[in-house]
Amino acid sequence: MNYDKNRNKNKVRGFLMYTDNKKVLKLVEFDKYDVLGLVELSTSVGWDYDEQEISTVMSSGKIYGHKNAVGKIVSSAAIIPYDTDLASIGMVIVNEEYRGLGLGKKATQKCIDSVSQNTSIMLISTEDGKPLYENLGFITVDSVHKYLSDNYIPTRLFNNLPEITLERYQEKDINEIIELDSAAFGDKRRKLLLNRINQSKQCLVVRNLKGKIIGFGLSILGPENLLIGPIVAPDSQTAALIIDGLVNNHQGKLRIDVSSSNDELMLFLEKSGFIKVSNPPIMIKNSIKMPYRNKELFAIVAQIFG
């Protein structure tokens, strides 16, 4: 009898602790000591952020979110400001047990408030997240095409490119890469590129006959996929050459997020064993359109970075 009473007391005490954990939620900026907790949060919703990826996000921008009464991370949102007047938001995650409390909205608003009102803020949304972002003032302006592959098939669709060479990146190349990326993306993002190259499995550059860099691409080895991007090139043939160089001989799954209006490159990917799995919207706040781009961005860095 006493055992049953104690068990019931424990049940009640456990329920109170659970509800208290939901009540005592602190919105904080995360630091390096929170990386493993953020990996755990990501894994809990089926996303594949690992320690390296979160460290790159953290060193390129800021991550905010909530901790419960016992210090467990239950929400997150990240913002990456670029060099002038553009920023990107991503990694908006809420633990399933804490949904419906507005945590995602509060963490995202904290990101928005961390930059000036003159900063255009972009993000790539999930379908579930779109109503939240619309409520915060974001509008849809474009989309990306997410491609996955379990088995890359080398093709010779574009094999007559004698006037260019594909080489491994060297530190002296960084300024040319930053300028190429800036014209293709619509803003300079020096800090992100330096961090991303440092994280990369491989970084390749394309040179013309005069030795000038006219394109580049990166590959990032994640826990599930080899992520390809960004890919910056003067045309789809050169972009395909860079992709082939990055994925050739890789044994495992691949992912690439292709910018819109790149039908020729998407045809190459589909002939090479890639399958399009989604077409998420690009949304923006504090502007009505994306910044000017020169149409040389064939694949983005990752959805969090735009």
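Numbering of residues begins at 1 and proceeds along the displayed sequence. Every heavy atom of this structure was used, including side-chain atoms; hydrogens, water molecules and symmetry mates were not.
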Quiz item: Is atom CG of Leu209 surrounded by more than 12 heavy atoms (other residues, nucleotides or ligands) closer than 6.0 Å?
Solution: yes
Practice problem: Answer yes or no: does atom NZ of Lys295 have more than 12 heavy-atom neighbours from other residues, nucleotides or ligands under 6.0 Å? | Solution: no
Practice problem: Would you check if there is a donor-acceptor pair between the side chains of Tyr152 and Asp244 at a distance under 3.5 Å? | Solution: yes
Quiz prompt | Closest non-hydrogen atom pair between Gly222 and Asp50, with its separation | solution = CA-OD2, 4.1 Å
Practice problem: Please answer whether the main-chain N or O of Thr119 pairs with a side-chain N or O of Asn286 as donor and acceptor at a distance below 3.5 Å. | Solution: yes
Self-check item: Leu86 side chain near Lys188 side chain, heavy-atom distance below 4.5 Å
Solution: no
Quiz prompt | Minimum side-chain heavy-atom gap Asp181-Arg189 below 4.5 Å | solution = yes
Quiz item: Can any side-chain N or O of Glu176 pair as donor or acceptor with the backbone N or O of Ile213 at less than 3.5 Å?
Solution: yes
Exercise. State which residue, out of Val74, Ile93, Ile54, Val94, fulfils the side chain to side chain contact (heavy atoms under 4.5 Å, CB included) condition with Leu41.
Key: Ile93
Quiz item: Would a distance-only check, ignoring hydrogens and angles, find a side-chain to backbone donor-acceptor pair under 3.5 Å from Ser143 to Asn279?
Solution: no
Quiz item: In Å, rounded to the nearest 0.5 Å, how long is the span from CG of Leu246 to CG of Leu226?
Solution: 7.5 Å
Quiz item: Salt bridge between Arg190 and Asp83, side-chain N to carboxylate O under 4.0 Å?
Solution: no
Self-check item: Closest non-hydrogen atom pair between Gly90 and Ile304, with its separation
Solution: CA-CG1, 3.6 Å
Practice problem: Without swapping roles, check the side chain of Ser236 against the backbone of Leu265 for a donor-acceptor pair under 3.5 Å. | Solution: no
Quiz item: Does one hydrophobic cluster hold both Val206 and Val232, with members joined at side-chain heavy-atom distances below 4.5 Å?
Solution: no
Quiz item: Of all residues at least two apart in sequence or in a different chain, which pass the ring-ring contact (aromatic ring centres under 6.0 Å, His included) check with Phe274?
Solution: none
Quiz item: Can you find a heavy atom in the side chain of Glu40 that is under 4.5 Å from one in the side chain of Lys72?
Solution: yes
Quiz item: From Glu264 CD over to Gln237 CD, what is the distance, rounded to the nearest 0.5 angstrom?
Solution: 5.0 Å
Quiz item: Hey, is the main chain of Leu297 close enough, under 3.5 Å, to the side chain of Ser259 for a donor-acceptor pair?
Solution: yes
Practice problem: Check the pair Met266, Tyr147 against side chain to side chain contact (heavy atoms under 4.5 Å, CB included), reporting the backbone distance first and the verdict last. | Solution: CA-CA 9 Å; Met266 287 188 273; Tyr147 278 88; 3.3 Å; yes
Quiz prompt | Qualifying residues under ring-ring contact (aromatic ring centres under 6.0 Å, His included), relative to Phe185, sequence neighbours excluded | solution = Tyr82
Self-check item: Heavy-atom side-chain proximity of Met91 to Tyr49 below 4.5 angstrom
Solution: yes
Practice problem: Report yes if the side chains of Asp173 and Arg207 come closer than 4.5 Å at any heavy-atom pair, otherwise no. | Solution: yes
Quiz item: With no hydrogens and no angle check, is any side-chain donor or acceptor of Asn225 less than 3.5 Å from a backbone partner on Leu227?
Solution: no
Exercise. Would you check, one step at a time, whether the test salt bridge (charged side-chain N to carboxylate O under 4.0 Å, His left out) holds for Glu134 with Lys285?
Key: CA-CA 9 Å; Glu134 288 175 338; Lys285 180 180 173 69; over 6 Å; no
Practice problem: Using the side chain to side chain contact (heavy atoms under 4.5 Å, CB included) rule, take Asn95 and Asn68 through it: C-alpha gap first, then chi angles, then the decisive distance, then the call. | Solution: CA-CA 11 Å; Asn95 182 295; Asn68 67 13; over 6 Å; no
Quiz item: In Å and rounded to the nearest 0.5 Å, what is the CG to CD distance from Asn198 to Gln52?
Solution: 8.5 Å
Quiz prompt | side chain to side chain donor-acceptor pair (under 3.5 Å) between Gln199 and Asn195, worked out | solution = CA-CA 6 Å; Gln199 182 190 353; Asn195 290 333; over 6 Å; no
Quiz item: If two hydrophobic side chains count as joined below 4.5 Å and joins carry through other members, does Ile79 share a cluster with Tyr133?
Solution: yes
Practice problem: Please report the shortest heavy-atom distance between Leu25 and His66, naming the atom on each side. | Solution: CB-CD2, 4.2 Å
Self-check item: Which atom of Gly245 lies closest to which atom of Gln202, heavy atoms considered
Solution: O-NE2, 3.8 Å
Practice problem: Determine yes or no for a side-chain-to-main-chain donor-acceptor pair under 3.5 angstrom, with Asp34 supplying the side chain and Asp31 the backbone. | Solution: yes
Exercise. Assess whether side chain to side chain contact (heavy atoms under 4.5 Å, CB included) is satisfied between Arg99 and Val45, documenting all intermediate values.
Key: CA-CA 12 Å; Arg99 290 179 183 172; Val45 298; 3.3 Å; yes
Quiz item: Crowded around Lys253 NZ? As in, over 12 foreign heavy atoms under 6.0 Å?
Solution: no
Quiz item: Less than 4.5 Å apart, any side-chain heavy atom of Val57 and any of Leu38?
Solution: no
Quiz item: Out of curiosity, Ile282 CD1 to Ser88 OG, how far, rounded to the nearest 0.5 Å?
Solution: 9.5 Å
Quiz item: In terms of hydrophobic clusters joined by side-chain contacts under 4.5 Å, are Val144 and Leu148 together?
Solution: no
Quiz item: Could you walk me through whether Ile124 and Ile300 pass the side chain to side chain contact (heavy atoms under 4.5 Å, CB included) check?
Solution: CA-CA 11 Å; Ile124 297 175; Ile300 65 173; 3.5 Å; yes
Quiz item: Can you tell me how far CD1 of Ile284 sits from CE of Met290, rounded to the nearest 0.5 angstrom?
Solution: 5.5 Å
Quiz item: Is the backbone of Ile178 close enough, under 3.5 Å, to the side chain of Ser182 for a donor and an acceptor to pair up by distance?
Solution: no
Quiz item: Does Ala233 offer a backbone N or O that forms a donor-acceptor pair with the side chain of Thr238 under 3.5 Å?
Solution: no
Quiz item: Taking the side chain from Lys146 and the backbone from Pro280, do they hold a donor-acceptor pair closer than 3.5 Å?
Solution: no
Exercise. Check whether Tyr64 and Phe305 end up in the same hydrophobic cluster, where Ile, Leu, Val, Met, Phe, Trp and Tyr are linked by side-chain heavy atoms less than 4.5 Å apart.
Key: no
Practice problem: Can you establish whether the number of heavy atoms outside Ile139 located under 6.0 Å from its atom CD1 is more than 12? | Solution: yes
Quiz item: Does a side-chain heavy-atom distance below 4.5 Å link Gln109 with Ile112?
Solution: yes
Quiz prompt | Hphob cluster co-occupancy, Val115 + Val92, side-chain heavy atoms under 4.5 angstrom | solution = yes
Exercise. Would you mind reporting whether Val247 and Ile256 have side-chain heavy atoms less than 4.5 Å apart?
Key: no
Quiz item: Which pair of heavy atoms, one from Val258 and one from Phe298, lies closest together, and at what distance?
Solution: CG1-O, 3.3 Å
Quiz item: How close do Ser149 and Gly273 get, heavy atom to heavy atom, and via which atoms?
Solution: OG-O, 3.2 Å
Quiz prompt | Inter-residue atom distance Leu193.CG - Leu218.CG, 0.5 Å rounding | solution = 7.5 Å
